[in-house]
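Please read these numbers as outputs of a predicted model, since none were measured by experiment. Below, chain A is the first sequence line, B the second, and so on; all start at residue 1.
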Amino acid sequence: MPSVADILIPLALDNAYSYAVPAGLILAPGDVVQVPLGPRETVGVVWQVSESPGGSNLRPVTGRVEAPPLSDSLRELVDWLARYTLAPKGSALAMALRLPDEAARSETSRIGVRASGKPPARPTAARMKVLAVAADGTMRGKSALAKEAGVSLSVVDGLIDDGALEAVALAPEPVALPPDPDHARVPLSEAQAEASQNLIDLAFPSAEGEGAPKAPTVLLEGVTGSGKTEVYFEAVAEAVRRGHQALILMPEIALTAQFLGRFAERFGVRPATWHSGIGAKRRERLRAGVAAGEVSVVVGARSALFLPFADLGLVVVDEEHEAAYKQEDGVHYHARDMAVVRGRLENCPVVLASATPSIETKVNAEKGRYAHIVLPERFGGRRLPDIHAIDMRLDKPEKGRFIAPPLVNAVRATIEAGDQALLFLNRRGYAPLTLCRACGHRYQCRNCSTWLVEHRFRRALVCHQCGYAERRPEACTECGTFDNLTPCGPGVERIAEEVAALFPDKRVIVLSSDFPGGAERLRAELQSVADGDCDIVIGTQLVAKGHNFPHLTLVGVLDADIGLTSGDPRAAERTFQLLQQVTGRAGRGERPGRALVQTYQPDHPVIAALLSGDATRFYEEEIAAREAAGLPPFGRLAALIVSANERDVAEAHGQALARAAEPPDGVMVLGPAEAPLALIRGRYRFRLLVKTERAVDLQTYLRDWLKRGPKVRGNVKVAIDVDPQSFL
DNA sequence: AGCACGCCGACT
DNA sequence: GTCGGCGTGCTC
């Protein structure tokens with residue numbers, strides 16, 4: 001009887017297509033195949049195979065493709081992801097099936113060279129240096145040999161042409177060396193040792209197999225500097241000892257040399273890494289290695305979640321609260337949540353690590369859905385910094401200045417003691433608003449309705465939402481008055497000016513994402529700050545994450561109130577996390593650091609909790625507040641409507657949705673200023689985001705609603721940002 | 001994702 | 001009168 005294969009194609013298609021399986025070809029679910037689609041050939045994955053008497057009018061499968069098949073659990077993950085995010089199944093599949101293009105597949109092996117024994121025809125000085133190095137007769141990579149001899153590659157090439165060196169094709173370098181779980185047991189504090197033992201007992205219960213309890217999700221919560229990494233490294237080591245694979249997910253920015261170095265210290269080798277910057281060739285080999293079970297530990301960004309692991313035994317999500325885990329284009333998903341889902345489907349433990357967990361994770365831990373391990377103190381007896389408020393209503397900075405006198409004094413004392421001070425202001429550029437003193441005109445973005453931010457270094461006015469930029473005018477574009485534009489409020493560039501005036505002979509650096517010279521220079525600059533090559537650092541949120549600054553003893557927060565009124569339902573949470581992290585940077589060795597927080601509202605719950613040094617207080621208050629307001633993660637159904645440039649349509653949708661027969665608990669309409677950047681960069685004129693705990697009910701509800709709602713021009717996308725726990 | 005079809009504005 | 005913009009729909 002002829003068999004029919006249902007093949008899912010990685011395009012925006014919601015259903016698998018049926019193809020005839022030619023005689024002699026035996027297909028199983030998960031196999032990667034090539035199929036005709038319209039006028040062209042595409043790859044697809046077998047989703048189902050059935051015997052059917054008819055169906056001979058189907059087009060036949062072209063053939064099998066050399067690629068690791070998708071396991072049952074990975075296919076389940078794709079189905080789950082599609083259903084949950086309301087994305088077409090094919091789009092979800094595309095996440096797990098980014099095949100490299102044909103050009104990249106072709107095998108270009110590395111070339112090794114060694115001395116042939118034949119003397120060179122023209123023995124120049126450079127050539128002799130190379131031959132001296134190669135004299136031992138061992139095989140080296142071409143570039144390695146050139147580097148070792150201190151000459152350029154062309155000298156080596158010349159010697160190959162000459163015949164003095166012989167070139168041999170080398171076997172490709174292994175994708176990753178096997179990590180040794182017992183390479184170097186770093187000394188753990190008592191608290192760390194206890195936490196890692198608890199974690200291992202939870203993650204790898206002694207009774208494996210039938211009747212064993214379901215693999216848990218564990219929240220590993222530890223204050224900044226408590227050594228969470230060492231704790232979960234022990235769990236990774238245990239997974240490897242048991243012959244399983246482990247995946248460590250990190251926000252893309254955190255994939256630093258610093259972290260990889262720490263891994264190498266513990267496990268003897270650098271881990272295999274997976275992120276968007278990995279070349280197609282390496283990607284494919286790594287994928288194959290992962291599928292064959294040869295690569296035992298992968299450290300990767302969110303897309304690593306869709307690798308075809310043969311035997312996944314542990315997933316760690318580091319800094320689980322990071323917004324970078326959210327994919328905001330194409331299929332919208334939250335990698336932390338999908339990690340939990342994949343853990344369930346693979347029946348493998350998942351560890352969520354953070355110093356400042358997200359509210360939803362905290363709630364899940366409190367409700368007992370996640371196990372909870374807490375590291376309450378810093379490693380090595382280091383104390384948390386002392387945090388004090390500077391009430392800006394009482395301690396005013398001088399006119400035209402933004403740093404209050406107590407903070408100026410603290411900075412002076414710090415650098416006089418030979419330490420480093422950090423001034424934190426989460427605002428890029430020179431001034432967030434420019435206005436004309438003659439006519440009062442305020443410079444606004446022509447696409448969004450936000451103020452244009454002056455960037456003095458670039459001599460431009462820039463929109464921080466859409467990237468629109470114009471030259472800073474000499475005369476007002478409205479009234480024509482010359483040289484009368486006034487910058488209002490501070491950005492980091494303006495603070496740099498103030499600091500230069502206050503401390504003219506000190507080394508000052510400004511670190512923000514528009515650092516001249518790009519990411520590479522920035523990385524080097526962060527390192528030099530860590531090495532102590534600077535007295536005062538002025539930085540945006542970029543300095544709050546990733547890098548450690550061991551010489552830092554003072555953190556000054558210049559405007560703690562930024563972000564508290566943004567209209568984002570997560571504003572309080574985000575602000576608390578950011579401030580907690582940046583103030584936690586202060587401290588050097590045994591000496592506790594100091595943090596001074598400039599604020600106009602020291603009694604605001606977020607600021608008060610931060611000042612009290614009691615994070616538990618913040619979480620309790622925020623959880624209670626959200627529960628009362630019906631916001632996520634508690635809201636039964638809350639809609640968040642974002643419109644890039646048709647706010648009126650969004651408003652109409654929001655109002656109508658609120659009046660619906662079965663209204664959501666809350667409707668929020670956000671204008672472009674508050675809308676996520678990705679939405680505005682995308683071509684969508686209109687977009688609807690939904691936050692709820694009931695994604696599945698909502699799917700039908702919203703599809704139905706969108707048919708009846710106000711007429712919307714352009715694309716409408718529905719994305720869901722919720723807690724997956726309730727559907728597992 | 002591609003590619004075709006189709007319906008309104010500016011051109012040889 | 002056509003060329004071509006991209007909005008919409010289809011691919012087993």
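When only modelled atom types and interatomic distance are considered, A:Ser358 and A:Arg336 share a side-chain donor-acceptor pair under 3.5 Å. A donor-acceptor contact under 3.5 angstrom links the side chains of A:Thr361 and A:Glu320, judged on distance only. A donor-acceptor pair shorter than 3.5 Å can be found between the side chains of A:Glu41 and A:Thr62.
Counting only residues at least two apart or on different chains, the ring-ring contact (aromatic ring centres under 6.0 Å, His included) pairs with a member in residues 293-321 of chain A are A:Phe306-A:Tyr333.
Whole-Å rounding puts the A:Leu93 CG to B:dA1 P distance at 14 Å.
In A:Arg282, the CZ atom is not crowded: 12 or fewer heavy atoms of neighbouring residues, nucleotides or ligands sit closer than 6.0 Å.
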Scan nucleotides 10-12 of chain C against the protein and return all N/O pairs shorter than 3.5 Å with their distances rounded to 0.1 Å.
unit_1 : atom_1 : unit_2  : atom_2 : d
C:dT11 : O3'    : A:Gly38 : N      : 3.2
C:dC12 : OP1    : A:Gly38 : N      : 3.2
C:dC12 : OP2    : A:Arg59 : NH1    : 2.8
C:dC12 : O3'    : A:Ser18 : O      : 3.1
C:dC12 : O3'    : A:Arg59 : N      : 3.4
C:dC12 : O2     : A:Ser18 : N      : 2.6

